Number of protein chains: 2
Amino acid sequence: MRGQTKKQPPSGSVNIKQVAAELGVSLATVSRALSHPHLLRAETRERVLAAIDRLGYQPNLIARDLRLRESRLVFVVVPSLSPFFLEVFRGVERGAREGGYTVLMGHSERDPSREQLFLDQVASRRADGVILVTSAEPGLMAARKRHMPPVVAALETIEGQAFPTVRVDHRKASMDATNHLLALGHRRIAHIAGPQKSPMAAHRLEGFQAAMAAAGLDATAYPQLAGNFTVAFGEEAMEALLACNPPPTAVFAANDEMAVGAIQTIKRAGLQVGRDVSVIGFDDQRIASLYEPSLTTIKVPTEELGYRSMLSLWDLLRGRPAEEDTVLQTSLIIRSTTGPPPG
Amino acid sequence: MRGQTKKQPPSGSVNIKQVAAELGVSLATVSRALSHPHLLRAETRERVLAAIDRLGYQPNLIARDLRLRESRLVFVVVPSLSPFFLEVFRGVERGAREGGYTVLMGHSERDPSREQLFLDQVASRRADGVILVTSAEPGLMAARKRHMPPVVAALETIEGQAFPTVRVDHRKASMDATNHLLALGHRRIAHIAGPQKSPMAAHRLEGFQAAMAAAGLDATAYPQLAGNFTVAFGEEAMEALLACNPPPTAVFAANDEMAVGAIQTIKRAGLQVGRDVSVIGFDDQRIASLYEPSLTTIKVPTEELGYRSMLSLWDLLRGRPAEEDTVLQTSLIIRSTTGPPPG
DNA sequence: GCTCCAAATGGAAACGTTTACAATTGAATT
DNA sequence: AATTCAATTGTAAACGTTTCCATTTGGAGC
């Protein structure tokens, strides 16, 4: 490495200068052959393009980004690696494609410092904008006064920040879910909540509480369980609930994964889901319809959420005013895990 | 925008020059305060750091990347947005974290030109390396002589390319799956294959054929179905198979999704899975254990695949020789969807 | 007070592009 | 033939860092 001669390029990335030298034209001409071909005489253009091909020249995007101050890249930051977020990602991709942007996904693990890391990447021009699909604790991002890149929040408002937001009304949707159980005649209803720190989980919990209160019922009759949105936690939580006396006749889980966990436990206890105990989930992930029995749940338009987020990001990137708060509709999908209470 | 004065910085990204000016020190000093603090007198360092904080300065990573010619970024390119690949991603992340790298995921949709796009991104220094989790058609990448960035292939060899590879033996694993069915006494066995263009799917098919041939059976007795690894295709394919006379007593699907689809159809036909018809999948995705009945399948160590790929990429990035071909073990997971043939 | 030397700082080149501006070319118009 | 002007090309400045090398600073040792 040390003793390498200067003449010999580092055996690989050939740069614009070398192409120019090869032909005896200026850098500008080579650059233009790629970015503004119409500025060149046809014959020159051909000659340059041929040389580019011959030498295997690929423009260094980093240098271009630095000069142009844009990368045509968008990051999607998700809090966890679940299929749910993949669909949001898919929607973003659909939107981005239309405008010639490339989308990359980063994983924050619900860790605000990792979220900040991606934001910093964008602030320093590694990407032009970010779509934060997150449920991050509020406030942490404002900790230090930083240059904020174009950000759109998907799925849930980010408190303390004025990002354009594309979301669903988690609170209302939870009321819908709870009301469904109430309408079936259930009175002993428990909720398995998501992480306490997550505003989204908090909103889902609030909806449950509000609906219960409206029906004159005590939302705190059963242990207040707050989990991490996993099947495993759903199983555990359900064990705790079945140990109660009397046990609930219906359970509303804050997402499908925990609902599936709960059902696994119910089955294992020899009870029949939808008859002995009703279960309703949230999200309508694919497993909800595939699972046996198929899961009653709240459908969240994930793909659309991603798509609309990207549209808003577009506005931001174009310097146009973006819609502040877009709320998409959820819907109650009634399948086989809910029915009237026994007896 | 036009009439903006030069003095007023673009109301946002403040650069190193401005920090230096603010303090009356040189650019070099500010740079060193962040990258080589020990080179500065304690008092200077404090003063610079304070100013950096006060002005909200964040180094422009693009400029740094250009100068340093590295980004400490790694891309993982997946062919489809399935949970299966998320786990590989998770493994890569675990490996990358250890070395202070950040991982971003891109989606190629099995489209070689999109795969090339990500490769180009890396070749032009947007990232330091790529892990290609792919089943791309061979040859297409070599189309034009390009500067090849550090690439590791995960899951499957990429034909015509000499990338270090971390994979499983799809052919052998398929033989294991088929032999399991044969050992149970099945003779009428069908295979639902993946996309014909995918070498991975081809290898899985080969394994099936080899095992059948070894047992003296005709692997082509049933329609040769090649799908797109989705539940929907599994459903369709199974319909076609049930229409045969006599229908197969066992089906080996090239992945769990298609296996689940097949089972859905079998159930819908009023038959019992594992008794009337046995089904075996491939991958051991999470749904395999959650599904009812739980799915017999081949476990692929996805997370480990990602982790080991990242280790190999490390070697590449360090200029060390990377292991050429790492083969991880698969295992047969026997659950409830396979049993002896009826009668 | 000098000399010497390490420690601390500054100046400027380099990373590889794009593009404003200047310079050249060449054909059309007078 | 001189003039004009569009089309084509070249020159060089920027984008914002990091770091080599040179220069300054400030003690320690004499």
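Since this is a predicted model, take the numbers as computed values, not measurements.
Side chains of B:Thr165 and B:Asp325: a donor-acceptor N/O pair is absent below 3.5 angstrom, by distance only. Residues A:Ser309 and A:Ser312 have side chains that never bring a donor and an acceptor to within less than 3.5 angstrom of each other.
At least one side-chain heavy atom of B:Leu34 sits under 4.5 Å from a side-chain heavy atom of B:Tyr57. Counting heavy atoms from C-beta outward, B:Tyr101 and B:Leu313 have side chains that stay 4.5 Å or more apart.
Residue contacts for B:Leu66: at a heavy-atom cut-off of 4.0 Å it reaches a base atom on one of the strands shown.
The phosphate of D:dT25 (OP1 or OP2) has no side-chain N or O of B:Arg41 nearer than 4.0 angstrom. Of the side-chain N and O atoms in A:Thr44, one or more sit less than 4.0 angstrom from OP1 or OP2 of D:dT9. Remark: B:Asn60 is not in phosphate contact with D:dG16, judged by side-chain N or O atoms under 4.0 Å from OP1 or OP2.
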Could you run down the sub-3.5 Å N/O contacts of the protein with nucleotides 18-20 of chain C?
unit_1, atom_1, unit_2, atom_2, d
C:dT18, OP1, A:Arg64, NE, 3.0
C:dT18, OP1, A:Arg64, NH2, 3.1
C:dT18, OP2, A:Ser31, OG, 2.4
C:dT18, O2, A:Arg67, NH1, 2.1
C:dT19, OP2, A:His36, NE2, 2.9

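In this structure, CG on A:Leu73 lies 8.0 Å from CG on B:Leu104, to the nearest 0.5 angstrom.
Counting to the nearest Å, the P atom of D:dT18 and the CG atom of B:Leu40 are 13 Å from each other. Rounding to whole angstrom units, CD1 of residue B:Ile52 and P of D:dT17 are separated by 10 Å. Between the P atom of D:dG16 and the CG atom of A:Asp65 lies a distance of 13 Å, rounded to the nearest Å. B:Asn15 places its CG atom 10 Å from the C1' atom of D:dT17, with the value rounded to the nearest Å. With rounding to whole Å, A:Leu39 atom CG is found 14 Å from C:dC21 atom C1'. Between the P atom of C:dT17 and the CZ atom of B:Arg125 lies a distance of 12 Å, rounded to the nearest Å. For the pair A:Ile62 CD1 and D:dA14 P, the interatomic distance rounds to 22 Å; values are reported in whole Å. In this structure, the CD atom of A:Glu43 is 12 Å from the C1' atom of D:dT8, given to the nearest Å.
With respect to A:Val30, the side-chain contact (heavy atoms from CB on, under 4.5 Å) criterion is satisfied by exactly one of A:Val48, A:Leu40, A:Asn15: A:Val48.
Take the nearest nucleotide of DNA chain C for B:Ala63 and for B:Arg45: the residue whose nucleotide is more 5' is B:Arg45.
One finds no salt bridge joining B:Arg308 and B:Glu323 here, because no Lys/Arg side-chain nitrogen approaches an Asp/Glu carboxylate oxygen to under 4.0 Å.
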